[in-house]
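Here the structure comes first, spelled out in structure tokens, and everything after it is commentary.
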Amino acid sequence: MRILVLRDDKPGHYHQSEAVAMALGRLGPVDVEWLTVPQRGLLPQQTVRVLCAKSVLPLSFLEFISLSNRLRPQQKPDLVVSAGGRTLPYLLLLARRYGCQSLFSGSIRNIPADRFTAILHISKSYLRYPNAIVTLKPSPVGRDTSKDLSLGPDFSGSYRALMVGAPTRSHPLSDGDWTALLSFLETNLASRNWVISSSRRTPASWQKDLADLAARHPERLVFRDYAKTGPGEAISVMLDADEIFVTSDSISMVTEAVACRKPVAALVPAASIQSADEKDYYEMLVEKGWLTLIDCSRLSPPMAADAISCLTPMQEDYLLGLGRLLADKLSLLP
């Protein structure tokens, strides 16, 4: 099967598409080609998206205004995959150009659902679309995407992982929350090893705090700075951990942690204001016993240990399960 993946410049988007290709690859041979979509077309992105959703308009006109005529895969695809709003019009146009199936991961905005062969989404509200698959957010978790970790000569043994994101509007991690988290780490380092990984959004002041903490405890704590390690290493950190803690601001990070099949605790700011979809998603993970939610302001070693001990991590190969769901919906594989 030939898969064309359209990507923008956001890892949280193109990693979803990568996961789709990996999931289908669990079931049979796939030939994957990647193309980066233009930053913008000749018209504003929203206008291009609306026009591309209207199949009555000539393909040549739509490809001209969107600049999708610049996207020329080496071979005709069987399936076009993408995630992220910027890729939406290009997904529709290339699927139309080649007469192939299309799969989009994420919100389809105001585009009619029947413009897609299949849609992946985390919200139960998408069950109203017959071509939708409501499941975990696609995440490329597996040894085939991990890197070999070098944690330094002073560090050895099993460890807990902490994945640090950034304050957001819905997850405003306050100075008090951050101080509580640092205090928890300082206390817990007496008995547990930690590997901490930042993200591309982590504030510089947090990076410095974590680097200073690691410098004081080199035998107990390793800090992996995203600015130095780049994307991809976080999954390796989580796969080798005994337990995973993650700040709740990123659904992608939480999903990656759960898909690693380890006990996962999401650290939630006291002032968190989750959307309905996000709340439903986290509640689903909690109900399955894969995730526990901990208020940052009340975090303590005994609380963390008790919360983590009650979990039963995911058992199945996440990508294999996703592949079976996709194959059934797309009817591409035997």
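Computed from a predicted structure; not experimentally measured. Heavy-atom basis, side chains included; hydrogens, waters and symmetry copies ignored.
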Can you list everything that forms a side-chain contact (heavy atoms from CB on, under 4.5 Å) with D306? Sequence neighbours excluded, please. none
Answer yes or no: does atom [atom1] of [X] have more than 12 heavy-atom neighbours from other residues, nucleotides or ligands under 6.0 Å?
X	atom1	answer
R72	CZ	yes
R216	CZ	yes
I273	CD1	no
K76	NZ	yes
N110	CG	no
R109	CZ	yes
Q74	CD	no

On a heavy-atom basis, which atom in [X] and which in [Y] lie closest, and how many Å separate them?
X	Y	value
P313	W290	C-CD1, 3.7 Å
S66	L93	OG-CD1, 3.2 Å
G165	T202	O-OG1, 2.9 Å

Just how far is it from atom [atom1] of [X] to atom [atom2] of [Y], taken to the nearest 0.5 Å?
X	Y	atom1	atom2	answer
D209	L213	CG	CG	8.5 Å
K329	L103	NZ	CG	10.5 Å
I133	L127	CD1	CG	11.0 Å
D114	Y129	CG	OH	10.0 Å

Show the numbers, then the answer: is there a side chain to side chain donor-acceptor pair (under 3.5 Å) between T255 and S252? CA-CA 5 Å; T255 303; S252 294; over 6 Å; no
Between [X] and [Y], does any side-chain N to carboxylate O distance fall below 4.0 Å?
X	Y	answer
R2	D78	yes
K208	D212	yes
E18	R7	no

Between D277 and S275, does a side chain to side chain donor-acceptor pair (under 3.5 Å) hold up when you go through it step by step? CA-CA 5 Å; D277 286 349; S275 68; 5.6 Å; no
Could you tell me how the ring of Y126 sits relative to the ring of H121: parallel (under 30°), tilted (30 to 60°) or perpendicular (over 60°)? parallel
Parallel, tilted or perpendicular, as decided by the 30° and 60° cut-offs, for the rings of F184 and F245: tilted
Show your working on side chain to side chain donor-acceptor pair (under 3.5 Å) between S170 and Q274 and close with a plain yes or no. CA-CA 6 Å; S170 57; Q274 298 176 357; over 6 Å; no
Only distances under 3.5 Å count here; give the side-chain donor-acceptor pairs of residues 263-271 to other protein atoms, sequence neighbours excluded, each with its distance to 0.1 Å.
none

With distance as the sole test, does S68 use its side chain to make a donor-acceptor pair with the main-chain N or O of Y90 at under 3.5 Å? no
